[in-house]
Amino acid sequence: MSAQPLPVAEPGEVRRAAWRLIRSDRAAFIAVLLANCAAAGAGLVGPWLLGQIVNEVQAGAGVATIDRLGLLVVLAAAAQLLIGHQARRLGYRFGERTAARLREQLADRLMRIPARAVEGAGTGDLTSRATTDAGLVSFALRDAAPEMVFALAQALIIIVAVVLLSPVLGAVGLVALVAIPVVLRWYLRRARSAYLAQAAAHAEVADVLAGTAAGARTVEALGLQERRAADCSSAIAAATAAQLRTLRLRSVFFSTIDASTALAVGAAFGVGGLLYLDHRLSLGTVVAVVLYLRQLTTPIDTILIWVETLQSSAASFARIEGLASSAEPPRRSAEGVTAVPTDQDIVVTDVRYAYDGADVLHGVDLDVRAGERLAVVGTSGAGKTTLGRLIAGIDRPRSGRVTVGGADVADLAPEQLRQHIVLVTQEHHVFADPLRDNLTIAAPHATDAELLEALDVLGADWFDDLPDGLDTDLGTHRLGGAQAQHVALARVLLANPHTLVLDEATALLDPTTARRTELALAATIQGRTIIAVAHRLQTARDADRIAIMEGGRITELGHHDHLVTTATSYAALWETWSADTSHEGTDNHE
Ligand SMILES: Nc1ncnc2c1ncn2[C@@H]1O[C@H](COP(=O)(O)OP(=O)(O)OP(=O)(O)O)[C@@H](O)[C@H]1O
């Protein structure tokens with residue numbers, strides 16, 4: 001289940017976003033509109049000429065006149081074909097360019113969504129927005145929108161022509177078509193929520209299936225097959241119900257449309273016949289009007305067929321636009337950065353930070369000198385990780401500043417930031433790419449010799465067993481946990497920051513892996529400023545200074561020997577920890 005679904009944009013935001021997309025290619029959009037109007041205008045000539053032929057025949061005109069009019073009908077049809085083709089081509093090109101811009105925008109936003117928002121929402125939601133929704137919107141822009149513009153222009157111009165030819169017949173036809181806007185309104189009112197529910201139900205199915213596949217071993221080990229199958233069935237049942245609802249809407253909608261268009265042609269034919277018998281309309285005009293109304297069914301059908309696609313893609317567009325509010329503001333590029341750190345000192349000034357509107361840091365002040373080793377300790381939930389992320393420039397304070405050498409860390413471009421401060425956690429993702437690419441993401445210009453040296457410093461002896469050395473594809477040749485940690489630490493060595501923020505770097509590892517990792521870590525931290533979120537006080541005791549965090553504040557700060565005698569919170573923590581470790585036989589792998 002998605003605990004905190006990613007937001008969906010409101011209709012107003014969706015309209016503004018669509019308008020922004022159109023405006024950024026305004027000249028092309030105007031060309032599309034003009035070409036479509038011209039194509040629709042050319043389509044009027046044929047029926048009008050046919051009406052003229054009927055009138056001429058009735059007036060006893062010769063074959064030459066009829067032939068001339070016939071030739072004009074053929075020329076008008078050819079012109080309509082050519083202009084229509086051009087209008088559609090312009091429309092498709094405009095749609096394709098707009099879809100490409102949208103995909104770029106989406107990729108940019110996906111990169112800027114904080115990991116905590118993705119974890120909260122579940123990967124199914126994000127995946128379906130990036131695949132199904134993006135595909136639907138691209139399809140709509142490329143195919144549905146050009147067809148829709150063409151059909152709208154055609155319908156509008158035909159209606160104007162009918163009314164100009166015979167206001168009475170025009171009124172009769174339009175009255176017969178009055179059910180269409182009514183049923184369209186009925187449909188659109190229900191369709192947005194129905195299609196949103198359908199998309200969410202499909203995302204839920206994807207989530208449940210992906211979760212079952214990812215946790216296959218756990219499901220097998222705990223005999224959870226039946227429960228997972230029941231979860232899958234109920235997600236699929238919900239998706240089917242959502243799909244049936246949209247199907248019901250479509251059934252009512254399309255039947256009404258078909259009946260209305262048939263009624264319009266029939267009514268115009270009947271009333272037109274009476275008016276002709278009464279000598280109030282020429283036969284040619286009746287023929288032209290009936291042909292126009294008959295012709296009107298084509299754009300109406302097109303509009304209604306695509307309105308459904310546009311409706312569901314508008315729901316998808318709202319889901320894609322919803323990502324905008326989750327994405328964090330873009331960091332500046334290195335070229336755009338004005339502030340350049342002048343030294344390596346880190347200063348935290350009156351920093352506050354909130355998750356979901358509630359502050360968890362309440363004005364933290366801290367100075368860390370270059371080369372210092374600072375341990376941050378405190379009870380669970382005190383704000384240690386949050387402070388670590390702010391110092392590492394991952395998150396931006398709600399208020400206050402975190403600076404390195406006088407420059408705000410959250411303003412530094414990523415390539416600049418990682419030369420100064422890097423956060424080291426237990427998460428060590430290995431990309432399904434060659435080992436070389438996995439390492440050079442931290443230092444794009446590093447030579448092979450530098451990459452090998454980094455691995456060597458960490459004691460990554462497994463490198464010698466790789467089938468293709470640095471070219472080994474880590475998607476097919478999977479690394480173990482400790483090996484992946486080596487790759488992560490090698491990236492840190494290659495980025496060569498002066499400061500490391502260590503958070504849970506070894507806390508949850510098994511003793512053997514932890515010992516190997518600690519050795520590698522010791523090689524990594526050599527000669528750098530260290531800010532370590534310490535889960536074991538042994539680490540803290542060796543630090544130059546210890547910061548005690550309680551309830552989002554630093555309450556005590558100093559060296560172990562000083563704090564253990566003067567600071568009440570730290571002394572209590574130390575006492576508890578010492579008692580625990582003496583019970584455990586004092587082996588704590590430090
Ligand atoms: N992603 C999040 N969304 C909402 N609240 C959060 C989130 N991450 C942390 N918090 C809350 O912020 C507060 C500080 O959390 P933080 O993880 O920084 O504490 P910590 O001292 O590192 O704890 P621990 O030692 O358990 O990791 C806690 O109340 C926590 O519940």
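Residue indices begin at 1 and follow the sequence shown. When reading the values below, keep in mind they use all heavy atoms of this one structure, side chains included, and skip hydrogens, waters and symmetry mates. Each ligand, and each atom within it, is numbered from 1 in the order the structure gives.
- Side-chain contact check for R228 and T212: at least one donor-acceptor pair (N or O, by modelled atom type) lies under 3.5 Å.
- For the side-chain contact (heavy atoms from CB on, under 4.5 Å) with V348, the qualifying choice from D365, V402, L390 is V402, the only one to do so.
- Only the side chain of V360 comes within contact range of ligand 1, with a heavy atom under 4.0 Å; no backbone atom does.
- Between H486 and W462, the ring planes lie parallel to each other; the angle is under 30°, not in the 30° to 60° tilted range.
- Polar contact with ligand 1: present for A382 (N/O pair, distance under 3.5 Å).
- Annotation: H560 is in aromatic contact with Y570 [ring centroid separation under 6.0 Å].
- At a 4.0 Å cut-off, not a single heavy atom of G378 sits close enough to ligand 1 to count as contact.
- A donor-acceptor pair under 3.5 Å is absent between the side-chain atoms of R528 and the main chain of A370, judged by distance alone.
- Of all the atoms in ligand 1, the ones that sit under 4.0 Å from a non-hydrogen atom of T386 are 14 (C), 15 (O), 16 (P), 18 (O).
- Residue T379 approaches ligand 1 through these ligand atoms, each under 4.0 Å from one of its heavy atoms: 21 (O).
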